[in-house]
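To start, the structure under review is shown below, and the notes come after it.
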Amino acid sequence: MNSSPIAYTLNNLSRRNFLKGLGATGALVIMASWSWPSVFAAEEEKYGGEGMPNGVVDDPKIYLSIATDGSVTVICNRSEMGQGIRTSLAMVVADELEADWAQIKVQQAYGDEVRFGNQNTDGSRSMRHWYEPMRRCGAAARAMLEQAAAGRWQVPVAECQAQLHQVLHKPSGRTLGYGELAEAAADLPVPPRDTLRLKPASEFRYIGKDSNRAIDGEDIVTGQALYGADIHLEGMLYATIARPAVYGGKLVSVDDSATLKVPGVVKVIKIDASPLPSEFQPLGGVAVLAKHTWGAIKGRDALKLQWDDGPNARYNSSEYRQQLESAVKKPGKVVRNNGDVDQALSKAAGTHEATYYLPHLTQAPMEPMVALAVYKKGSCEVWAPVQAPQVARERIAQRLGIPLDNVKVNVTLLGGGFGRKSKPDYMVEAAILAKAIEGTPVRVQWTREDDLRHSYFHTVAAEYIKAGLDQSGQPTAWLQRVASPTIASLFAPGAKNSGPFELGMGITNMAYAIPNVRMENPEAQAFTRVGWYRSVLNIPHAFAIQSFIDELAHKAGQDPLAYQLKLLGNDRKIDPASLDGSGWNYGESPVKYPIDTGRMRAVLEAATKAAGWGRKLPQGRGLGLALHYSFVSYVAVVLDVEVEDNGNLIVHKADIAVDCGPQINPDRIRSQMEGACVMGLGNAVSSQISFKDGQAQQDNFHMYEVARIDLAPKQVAVHFVTPDGEVPLGGVGEPGVPPIAPALCNAIFAATGQRIRNLPVGIQLQGWRKANS
């Protein structure tokens with residue numbers, strides 16, 4: 001098969017043959033293949049495995065090699081999309097290995113679940129699932145190097161100690177470098193897991209430190225890094241695809257006569273649509289293949305197409321919003337029921353109710369979808385920026401009708417993902433076209449317009465909350481109804497209720513000390529592709545609940561912070577199953593990861609202290625706070641926001657307190673929280689996808705507005721909160737997003753007295769502009 005400079009050659013080789021394949025220099029190669037405890041796998045299966053169908057944690061398979069020149073190569077099994085996982089996982093290995101960071105290199109794994117374990121880079125779980133296996137991998141290599149040195153010197157291994165890329169014989173002071181020991185160590189068996197000595201935290205060189213060089217930082221800033229569109233194969237063709245504008249639309253006719261006259265155009269190929277629900281298969285359409293991208297785009301423009309838009313052509317956002325808001329005013333499927341809400345509401349001293357709405361959003365990664373494929377003699381190889389290489393491999397094999405072993409997926413750097421690149425429809429498109437012109441590489445290139453019109457959209461949502469209040473203004477009853485099209489609609493025909501994993505993102509696991517709680521989930525039909533988006537359903541759930549709590553505090557005439565702390569009740573650790581029965585907890589065991597209200601309290605107090613909560617601010621300026629538990633981490637946010645007379649927003653400062661357990665790579669945790677803050681502000685202020693006659697109305701950034709520099713906070717301060725005692729790792733990539741929108745809207749209320757319940761915020765500030773014009 002054709003290949004590029006980044007095509008990987010780690011095939012099913014023995015350790016000795018792999019060592020030989022690395023060249024005459026020799027190397028130490030270690031494969032760590034230890035399983036998570038069976039109880040953990042059972043809990044992962046029980047609780048849904050990050051919302052993926054039948055998701056189960058797989059055996060980690062980590063590769064590490066040391067060359068005779070001393071250089072260390074770590075193979076990263078998770079996709080790099082700016083979150084720094086290549087650096088972070090390499091740090092963990094290097095620390096336990098006692099390696100010199102300057103000698104560390106990283107190679108990206110190709111897609112292979114048997115070899116590398118679960119490679120789906122989603123759910124904020126890369127580090128929390130791979131920290132311990134990576135540590136064991138490094139520790140095993142260290143032990144083998146020490147044993148090799150002991151054999152060379154003919155001394156007891158207990159007298160040998162690895163120290164910063166060399167092994168020291170303590171009695172004599174002799175040393176041997178890792179490169180000198182690589183070949184001898186390669187012949188030793190991997191030590192059993194129960195014999196490994198992991199470092200105590202006091203001995204860490206890199207873990208928890210800020211001084212580590214980003215492993216690929218220089219390549220990225222100098223333009224040397226390879227993204228999807230950087231891969232080129234000799235003789236490749238470029239393809240763009242005319243897809244149905246409406247989800248489920250079908251091609252009636254095509255006239256490509258004008259297209260075939262466009263300079264550079266080589267061929268026009270029809271791609272059959274998949275039956276709905278389409279899952280991760282392409283939408284279908286007509287592909288134009290050309291010798292260059294410009295020819296493919298202009299050729300597509302010249303196509304004369306007729307479509308049957310199908311039943312989803314009636315989808316209109318404004319009408320559907322009314323339907324959702326009507327649905328949440330009526331009883332729905334009960335998904336949590338504690339106490340007697342109806343009786344408590346009837347006896348309440350007062351009540352308060354509100355309805356919240358969020359529109360569709362889309363991931364809009366700065367790098368649009370792209371994939372390069374070549375098909376030859378019944379095998380297909382693909383290069384792409386992909387978050388789920390194993391899923392891509394399976395879908396390609398399924399669509400082409402070839403064995404899974406005949407598909408190879410090479411993972412490039414991702415120019416952003418946010419969940420969109422977990423769905424490999426664009427890779428399947430490339431594979432289909434490559435098979436149609438066997439032997440010729442084909443690159444499918446999406447434009448920004450393609451990206452926004454044909455996304456897997458973040459679901460629209462309406463949420464209604466009614467509280468019964470006692471004389472002090474505290475809730476004795478809480479009724480909440482949530483209506484939003486479910487991600488399950490991608491997989492199951494007629495799916496209209498949220499799944500446990502969607503409801504477990506703040507609804508069924510809400511941890512406030514309220515004696516009577518009932519959560520309901522009215523039906524909501526999907527009329528477009530719904531997919532996961534950074535932080536998923538935590539976004540609407542956090543917005544509704546944290547906004548409503550702020551409303552309750554002001555209704556009671558109480559400080560929002562004091563009200564929140566009282567509402568949390570006594571510090572306690574909660575098994576999610578005790579709240580609703582399903583117990584879904586981001587795929588994690590509730591025994592290992594209980595919901596801890598003491599940790600919630602701690603991040604609230606840290607964020608508000610740092611922000612100077614309660615200080616007097618000028619007119620038109622206010623502080624807003626919000627708290628949310630997601631991806632088994634705790635985040636509280638305080639935003640200092642000014643609303644100018646013309647309605648413009650200035651975010652003076654964001655104080656973000658995060659408790660994600662131990663901090664492995666503090667610099668990247670800060671960057672994730674900073675990025676989440678900016679993305680959350682864009683979600684809240686300006687971003688929305690609307691539909692008319694089944695078609696997305698936004699097609700580029702002039703219409704779908706992400707956060708721009710004038711909306712970014714003047715200052716973002718991230719505060720780490722480390723709980724007492726030992727706790728496991730939490731997620732980092734997504735938990736920073738959910739509290740941003742409610743904190744912003746609560747700050748706007750503090751500044752202006754205007755309560756915002758519908759997003760985006762920009763539209764809601766029109767009244768403020770008029771009042772102050």
Side-chain angles (χ1 to χ4, degrees), residues 325 327-357 461-484 498 500 502-522 537-538 540-556 558 560-570 572 574-584 595 597 600-601 604 625-630 738-739 742 745-746 755 757:
E325 291 179 339
V328 296
K329 297 295 178 64
K330 303 170 185 176
K333 177 183 177 182
V334 176
V335 294
R336 173 179 170 182
N337 194 15
N338 307 117
D340 190 330
V341 167
D342 291 333
Q343 184 180 48
L345 283 171
S346 68
K347 294 183 177 181
T351 61
H352 186 68
E353 59 186 330
T355 301
Y356 302 89
Y357 172 81
E463 308 211 6
Y464 166 79
I465 310 177
K466 183 176 182 179
L469 308 171
D470 63 18
Q471 295 291 345
S472 68
Q474 288 290 311
T476 58
W478 183 287
L479 169 64
Q480 185 165 356
R481 298 190 183 112
V482 179
S484 59
S498 298
E502 293 167 305
L503 295 166
M505 295 181 176
I507 299 300
T508 53
N509 63 345
M510 187 183 72
Y512 290 106
I514 303 171
N516 303 286
V517 175
R518 187 166 77 240
M519 301 293 194
E520 298 178 1
N521 180 219
L537 273 293
N538 286 288
H541 300 337
F543 176 64
I545 292 171
Q546 293 299 303
S547 296
F548 191 72
I549 290 173
D550 196 76
E551 292 194 35
L552 294 182
H554 286 283
K555 182 179 177 68
Q558 298 177 26
L561 171 60
Y563 193 91
Q564 278 261 13
L565 292 172
K566 186 174 182 180
L567 196 58
L568 281 172
N570 297 326
R572 58 204 191 284
I574 303 170
D575 179 346
S578 68
L579 300 176
D580 75 301
S582 76
W584 190 85
I595 301 173
T597 61
M600 291 182 174
R601 180 186 304 276
L604 261 179
L625 68 85
L627 163 71
H628 195 64
Y629 166 81
S630 66
C745 293
N746 294 338
R755 183 63 69 181
R757 295 173 175 166

So do [Y] and [X] actually touch side chain to side chain, heavy atoms under 4.5 Å?
{"X": "W478", "Y": "I545", "answer": "yes"}
{"X": "M505", "Y": "P738", "answer": "no"}
{"X": "H352", "Y": "F548", "answer": "yes"}
{"X": "V482", "Y": "M519", "answer": "no"}
{"X": "R755", "Y": "N746", "answer": "yes"}
{"X": "P331", "Y": "E520", "answer": "yes"}

Could you tell me whether a side-chain N or O of [X] sits under 3.5 Å from a main-chain N or O of [Y], the two making a donor and an acceptor?
{"X": "R572", "Y": "T597", "answer": "no"}
{"X": "H541", "Y": "E502", "answer": "yes"}
{"X": "Q546", "Y": "L627", "answer": "yes"}
{"X": "S547", "Y": "P742", "answer": "no"}
{"X": "D550", "Y": "L625", "answer": "no"}
{"X": "N516", "Y": "T476", "answer": "yes"}
{"X": "T508", "Y": "R336", "answer": "no"}
{"X": "N337", "Y": "R518", "answer": "no"}
{"X": "Y563", "Y": "G473", "answer": "yes"}
{"X": "N509", "Y": "G504", "answer": "yes"}

For [X] versus [Y], what's the shortest heavy-atom pair and its separation?
{"X": "A544", "Y": "Q480", "answer": "CB-NE2, 4.3 Å"}
{"X": "V328", "Y": "A462", "answer": "CG1-O, 3.5 Å"}
{"X": "R481", "Y": "G332", "answer": "NE-N, 4.3 Å"}
{"X": "A467", "Y": "L345", "answer": "C-CD2, 3.9 Å"}
{"X": "L552", "Y": "P475", "answer": "CD1-CG, 4.4 Å"}

Should K466 and E353 count as an ion pair when the cut-off is N to O under 4.0 Å? no
Hey, could you give me the [atom1]/[atom2] distance between [X] and [Y], rounded to the nearest 0.5 Å?
{"X": "Y356", "Y": "E463", "atom1": "OH", "atom2": "CD", "result": "10.0 Å"}
{"X": "L503", "Y": "K333", "atom1": "CG", "atom2": "NZ", "result": "8.0 Å"}
{"X": "N570", "Y": "R601", "atom1": "CG", "atom2": "CZ", "result": "7.5 Å"}

By side-chain hydrogen bond (donor to acceptor under 3.5 Å, both in side chains), which residues pair with N538, not counting sequence neighbours? Y586, H628
Go through the steps for Q564 and Y512 under the test side chain to side chain donor-acceptor pair (under 3.5 Å), then give the verdict. CA-CA 9 Å; Q564 278 261 13; Y512 290 106; 2.8 Å; yes
Check step by step if side chain to side chain contact (heavy atoms under 4.5 Å, CB included) holds for D580 and V335. CA-CA 7 Å; D580 75 301; V335 294; over 6 Å; no
Can you list everything that forms a salt bridge (charged side-chain N to carboxylate O under 4.0 Å, His left out) with E551? Sequence neighbours excluded, please. R757
Which is it for L537 and S484 under the side chain to side chain contact (heavy atoms under 4.5 Å, CB included) test, yes or no, and what are the steps along the way? CA-CA 9 Å; L537 273 293; S484 59; 3.8 Å; yes
